[in-house]
Amino acid sequence: MVNGFSNISRQTPLPRSFYNQSTLLLAQALLGKYLYRRWRNSFLVGKIVETEAYIGEDDPACHAARGKTNRNAVMYGPPGFAYIYFIYGMYYCLNVVAEAKGFPAAVLIRALEPLDGIEQMMTFRKNRIVQNLTNGPGKLCQAFHLNRKQNGTNLCGEEVFITNGEAIVSTHIASSKRIGIKVGMDHQWRFFMKDNSFVSRA
DNA sequence: ACGCTGATGAAG
DNA sequence: TTCATCAGCGTT
């Protein structure tokens, strides 16, 4: 144990092929996976426990609903890259680009269960309550120090990546309407772990 | 329930 | 250039 980090050996980043699949399947497949963020030769690590799918130009809630712009360009690129955008004047949200190049879709990472580097997360969040570090999309970006500099980052690289994590039983996954949007409410495209206390809301 | 905060993109 | 909007959070 050095500087609050344990010395667990990290797993191998998931390959690009993992991200090249249906956004709805990817959103569920990401549950239980581990998000790694390199920080000063150590890693901040969290288990993904809540996601949302945003799928193509026909999804009115998707940032690509009005076509390609500078802001959403990463979503139109190849899968397995980070789409990070600034929202509400003060927060960032982390998305994982899904599906083949040219089709704009992504999975929003909405909540994590902190696993390693918790002291560093507390510093970034200015909050010492573990429960309150990563239970929301803006919060987890603050805890993992993710911002516009990481927009477009290759998730098969060294700085930010996702590993196999833990196997999840499908019966432990629940779905609901997506949170914080006013359109596209006809879909249940939010997925989360039942009974995990780090999910952003019940 | 509301204020904070600023990038975004559509309208003019 | 102006303006409403916004995939959130913390405090009331």
Side-chain angles (χ1 to χ4, degrees), chain A residues 19 22-31 35 37 46 48-77 79 81-99 103-114 121-153 155 160 162 173-193 196-202:
Chain A
Y19 302 96
S22 144
T23 314
L24 288 178
L25 290 179
L26 180 62
Q28 294 167 81
L30 281 167
L31 296 175
L35 174 68
R37 195 271 194 262
I48 299 171
V49 298
E50 179 181 348
T51 61
E52 281 178 359
Y54 289 87
I55 313 176
E57 297 180 343
D58 293 335
D59 172 6
C62 181
H63 284 178
R66 290 170 195 174
K68 188 176 182 180
T69 65
N70 286 335
R71 178 209 208 185
N72 64 27
V74 175
M75 282 213 292
Y76 285 78
F81 285 78
Y83 169 45
I84 299 179
Y85 62 87
F86 189 60
I87 190 72
Y88 294 122
M90 48 178 94
Y91 301 109
Y92 293 92
C93 287
L94 168 66
N95 296 254
V96 171
V97 176
E99 314 221 19
F103 186 87
V107 176
L108 171 66
I109 308 300
R110 281 198 58 91
L112 305 170
E113 177 179 333
M121 294 183 204
M122 288 174 169
T123 301
F124 285 142
R125 281 276 297 136
K126 298 180 169 58
N127 189 319
R128 297 202 58 79
I129 302 169
V130 176
Q131 201 62 225
N132 203 23
L133 293 176
T134 54
N135 59 332
K139 294 180 186 180
L140 72 88
C141 282
Q142 218 170 43
F144 275 58
H145 203 253
L146 296 169
N147 52 60
R148 69 177 83 255
K149 290 178 187 169
Q150 282 77 42
N151 185 38
T153 296
L155 295 175
V160 184
I162 297 171
I173 299 176
S175 66
S176 77
K177 291 176 181 175
R178 293 172 291 182
I179 291 176
I181 57 174
K182 291 172 178 168
V183 291
M185 300 299 286
D186 47 334
H187 296 117
Q188 306 243 125
W189 287 354
R190 171 176 176 246
F191 302 96
F192 57 96
M193 300 306 302
N196 186 292
S197 64
F198 294 91
V199 166
S200 67
R201 58 169 101 163

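This one's a predicted model, so the numbers in the text were calculated from it and none came from an experiment. Order of the sequence lines sets the chain letters (A, B, ...), proteins ahead of strands, with each chain counted from 1.
Rounded to whole angstrom, the span from the CG atom of A:Asn72 across to the C1' atom of B:dT8 amounts to 11 Å. A:Leu133 places its CG atom 10 Å from the P atom of C:dG10, with the value rounded to the nearest Å.
Contact check for A:Arg37 versus A:His145: side-chain heavy atoms found under the 4.5 Å cut-off.
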For nucleotides 6-9 of chain C, tabulate all protein N/O to nucleotide N/O atom pairs closer than 3.5 Å, reporting atom names and distance.
residue : atom : partner  : partner atom : Å
C:dA7   : OP1  : A:His63  : NE2          : 3.3
C:dA7   : N9   : A:Tyr85  : OH           : 3.3
C:dA7   : N7   : A:Ala61  : O            : 3.1
C:dA7   : N7   : A:His63  : NE2          : 3.2
C:dA7   : N1   : A:Asn95  : OD1          : 2.6
C:dA7   : N3   : A:Tyr85  : OH           : 2.7
C:dG8   : OP1  : A:Arg110 : NH1          : 3.2
C:dG8   : O3'  : A:Gly138 : N            : 3.3
C:dC9   : OP1  : A:Pro137 : N            : 3.4
C:dC9   : OP1  : A:Gly138 : N            : 2.8
C:dC9   : OP1  : A:Lys139 : N            : 2.8
C:dC9   : O4'  : A:Tyr91  : OH           : 3.1

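When the shell of 6.0 Å around CG of A:Asp58 is examined, it contains 12 or fewer heavy atoms from other residues, nucleotides or ligands.
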message: Would A:Asp59 and A:Arg178 count as a salt bridge (charged side-chain N to carboxylate O under 4.0 Å, His left out) here? Give the steps.
response: CA-CA 12 Å; A:Asp59 172 6; A:Arg178 293 172 291 182; 2.8 Å; yes
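Nucleotide C:dA7 has no partner under the Watson-Crick or G-U criteria, as no pair reaches both atom distances under 3.5 Å.
Geometrically, A:Arg71 engages A:Tyr85 in a cation-pi contact defined by less than 6.0 Å to the ring centre and at most 45° from the axis.
No side-chain donor-acceptor contact under 3.5 Å links A:Tyr83 and A:Gln150.
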